[in-house]
Amino acid sequence: MTKAQRTSHTARTSRTARTPRTPRTPRIALDSADPGTVDGRHIRALTFQSVRMEYLRGVLHELNLSPTGSRALVIGGGRGLLPRGLARLGFEVVAADPSPAATALAPREDDGPGITYVTTHAEQLGLPEASFDLVYCADTLEITERLDTVLTRAARVLRPGGPFVYDTVNRTPVSRLIYLGAFQSFPATRIMPPGRYATRRLRRPAELAEALARAGLCARDVSAFRPRSVRGLVRATRGRRRGTLTDDQLTRLVDMVLEPQGRSVVTYLGHAVREG
């Protein structure tokens with residue numbers, strides 16, 4: 001190698017050493033089996049699972065409803081995390097989801113009998129009337145354009161006096177910043193595809209209570225919930241996007257806590273009972 005060639009090689013090596021690697025932009029897709037894909041819907045299910053189950057157990061205690069021998073419907077069952085939680089309590093569970101991909105993925109992770117998975121939209125729920133003792137609506141109320149139809153269909157399949165449990169997203173400046181901005185638009189923290197959430201589909205608790213009443217469901221309670229640490233939520237979201245965290249590691253960083261008497265700034269759970 002000549003002196004000129006050595007000089008050129010050294011310069012190229014120096015430039016390469018100084019140039020930082022560009023972080024890989026992750027693929028964002030819902031209900032994907034690819035472990036390298038960021039599935040914001042599944043991330044949400046994982047981080048919400050503990051508060052969903054905690055709130056649900058409180059509702060069962062309040063209404064003195066035993067899961068043993070009872071039937072539950074999960075609307076928006078996704079990959080089956082919440083339906084499996086209800087099945088472990090003792091319910092016979094039907095999990096309904098609009099995504100064929102989610103319905104196909106869910107049985108792969110089943111650890112026992114007692115769950116039937118069906119692919120159907122919440123707006124087109126065609127199950128028998130008064131055939132369930134409990135209905136849980138997840139990952140649905142904040143994305144549907146036809147809220148009244150969803151609630152009416154859910155109330156129809158619920159037995160009189162049975163609880164309708166749900167969680168959803170409030171409509172506040174902070175919730176818009178997080179769901180429409182951080183989760184859906186900002187490159188460093190995006191985990192959802194564009195258009196998943198829109199301001200008009202986020203409902204305040206009072207608005208949802210009115211819609212529940214129109215469907216024949218009497219609102220009983222609303223409870224706020226939030227991450228224990230906002231910093232932990234941001235770290236977990238960015239780590240999952242970078243591939244330095246797996247889905248299963250997220251729950252240790254994002255610790256959601258119930259605030260029964262707190263003001264709902266972003267998300268809230270609630271329940272109602274079918275009248276009659």
Side-chain angles (χ1 to χ4, degrees), residues 40-41 44-45 47-48 51-52 54-56 58-59 62-63 73-78 82 96-98 120-125 132 134-158 160-185 192-227 256-276:
R41 186 183 182 204
R44 195 169 181 267
T47 55
F48 282 17
V51 290
R52 283 172 168 172
E54 181 182 351
Y55 185 79
L56 178 62
V59 172
E62 176 188 329
L63 300 180
L73 169 67
V74 178
I75 299 173
L82 182 57
D97 197 272
T120 182
H121 288 269
E123 297 86 347
Q124 300 169 350
L125 205 60
F132 293 95
L134 176 144
V135 173
Y136 195 118
C137 191
D139 199 28
T140 300
L141 301 183
E142 62 274 9
I143 64 172
T144 183
E145 296 281 2
R146 300 166 60 194
L147 178 65
D148 283 351
T149 300
V150 169
L151 295 178
T152 299
R153 295 293 175 91
R156 176 183 171 276
V157 302
L158 185 61
F164 173 80
V165 187
Y166 62 88
D167 57 77
T168 192
V169 182
N170 201 349
R171 187 174 72 253
T172 67
V174 177
S175 70
R176 292 198 296 270
L177 177 65
I178 293 174
Y179 272 80
L180 278 63
F183 289 167
Q184 193 169 268
S185 301
M192 293 287 187
R196 175 73 173 175
Y197 302 108
T199 299
R200 66 183 180 278
R201 298 195 294 265
L202 309 183
R203 280 95 181 187
R204 298 188 178 103
E207 297 168 346
L208 187 52
E210 293 174 357
L212 289 165
R214 291 193 296 269
L217 295 163
C218 180
R220 289 285 188 88
D221 175 69
V222 169
S223 177
F225 68 101
R226 61 173 179 81
M256 291 288 182
V257 293
L258 284 175
E259 290 190 329
Q261 307 304 319
R263 176 177 173 267
S264 167
V265 177
V266 180
T267 49
Y268 60 100
L269 294 119
H271 76 277
V273 296
R274 181 181 171 183
E275 298 173 347

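All residue numbers in this chain count up from 1 along the given sequence. Computed from a predicted structure; not experimentally measured. Values below: all heavy atoms of this structure, side chains included; hydrogens, waters and symmetry mates excluded.
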Working to the nearest 0.5 Å, report the span between [atom1] of [X] and [atom2] of [Y].
{"X": "Arg52", "Y": "Thr47", "atom1": "CZ", "atom2": "OG1", "result": "8.0 Å"}
{"X": "Ser264", "Y": "Glu259", "atom1": "OG", "atom2": "CD", "result": "9.5 Å"}
{"X": "Ser223", "Y": "Leu258", "atom1": "OG", "atom2": "CG", "result": "4.5 Å"}
{"X": "Gln124", "Y": "Arg153", "atom1": "CD", "atom2": "CZ", "result": "7.5 Å"}

For Phe132, the ring pair (Phe, Tyr, Trp, His ring centres under 6.0 Å) test, sequence neighbours excluded, returns none

For Asp148, which residues count as a salt bridge (charged side-chain N to carboxylate O under 4.0 Å, His left out) partner, sequence neighbours excluded?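 Per chain and number, Asp148 pairs via salt bridge (charged side-chain N to carboxylate O under 4.0 Å, His left out) with Arg214.
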
Taking atom types as modelled and ignoring hydrogens, do the side chains of [X] and [Y] form a donor-acceptor contact shorter than 3.5 angstrom?
{"X": "Glu142", "Y": "Thr168", "result": "yes"}
{"X": "Glu123", "Y": "Thr144", "result": "yes"}
{"X": "Asp167", "Y": "Tyr136", "result": "yes"}

Side-chain touch [X]/[Y], heavy atoms, less than 4.5 angstrom:
{"X": "Leu158", "Y": "Leu73", "answer": "no"}
{"X": "Val257", "Y": "Arg226", "answer": "yes"}
{"X": "Leu208", "Y": "Tyr268", "answer": "yes"}
{"X": "Leu125", "Y": "Thr120", "answer": "yes"}
{"X": "Arg171", "Y": "Glu207", "answer": "yes"}
{"X": "Val51", "Y": "Thr267", "answer": "no"}
{"X": "Arg196", "Y": "Arg41", "answer": "yes"}
{"X": "Val222", "Y": "Tyr166", "answer": "yes"}

Test log, rule side-chain contact (heavy atoms from CB on, under 4.5 Å), inputs Phe48 and Leu82:
CA-CA 9 Å; Phe48 282 17; Leu82 182 57; over 6 Å; no

Let me see the working for His271 and Tyr55 under side-chain contact (heavy atoms from CB on, under 4.5 Å), right down to the final yes or no. CA-CA 9 Å; His271 76 277; Tyr55 185 79; 3.0 Å; yes

If every non-hydrogen atom of [X] is compared with every non-hydrogen atom of [Y], which pair is closest and at what distance?
{"X": "Ala122", "Y": "Thr140", "result": "CB-CG2, 3.9 Å"}
{"X": "Cys218", "Y": "Glu275", "result": "CB-OE2, 3.7 Å"}
{"X": "Ala154", "Y": "Val135", "result": "O-CG2, 4.2 Å"}
{"X": "Gly262", "Y": "Ala224", "result": "O-CB, 3.7 Å"}

**Request:** Go through the steps to decide whether Glu145 and Arg201 satisfy the test salt bridge (charged side-chain N to carboxylate O under 4.0 Å, His left out), and finish with yes or no.
**Result:** CA-CA 6 Å; Glu145 296 281 2; Arg201 298 195 294 265; 3.0 Å; yes

| query | Run the side-chain contact (heavy atoms from CB on, under 4.5 Å) check on Leu141 and Leu151 step by step: do they pass? | reply | CA-CA 9 Å; Leu141 301 183; Leu151 295 178; 4.0 Å; yes

Checking Phe164 against Leu212 for the side-chain contact (heavy atoms from CB on, under 4.5 Å) test, could you report, in this order, the C-alpha distance in whole Å, the side-chain angles of both residues, the deciding distance, and whether it holds?
CA-CA 10 Å; Phe164 173 80; Leu212 289 165; 3.8 Å; yes

Please list every donor-acceptor pair under 3.5 Å in which a side-chain atom of residues 174-181 meets a protein atom from a residue at least two apart or in another chain.
| unit_1 | atom_1 | unit_2 | atom_2 | d |
| --- | --- | --- | --- | --- |
| Ser175 | OG | Asn170 | O | 2.8 |
| Ser175 | OG | Thr172 | N | 2.9 |
| Ser175 | OG | Thr172 | O | 2.9 |
| Ser175 | OG | Thr172 | OG1 | 3.3 |
| Tyr179 | OH | Arg44 | NE | 3.2 |

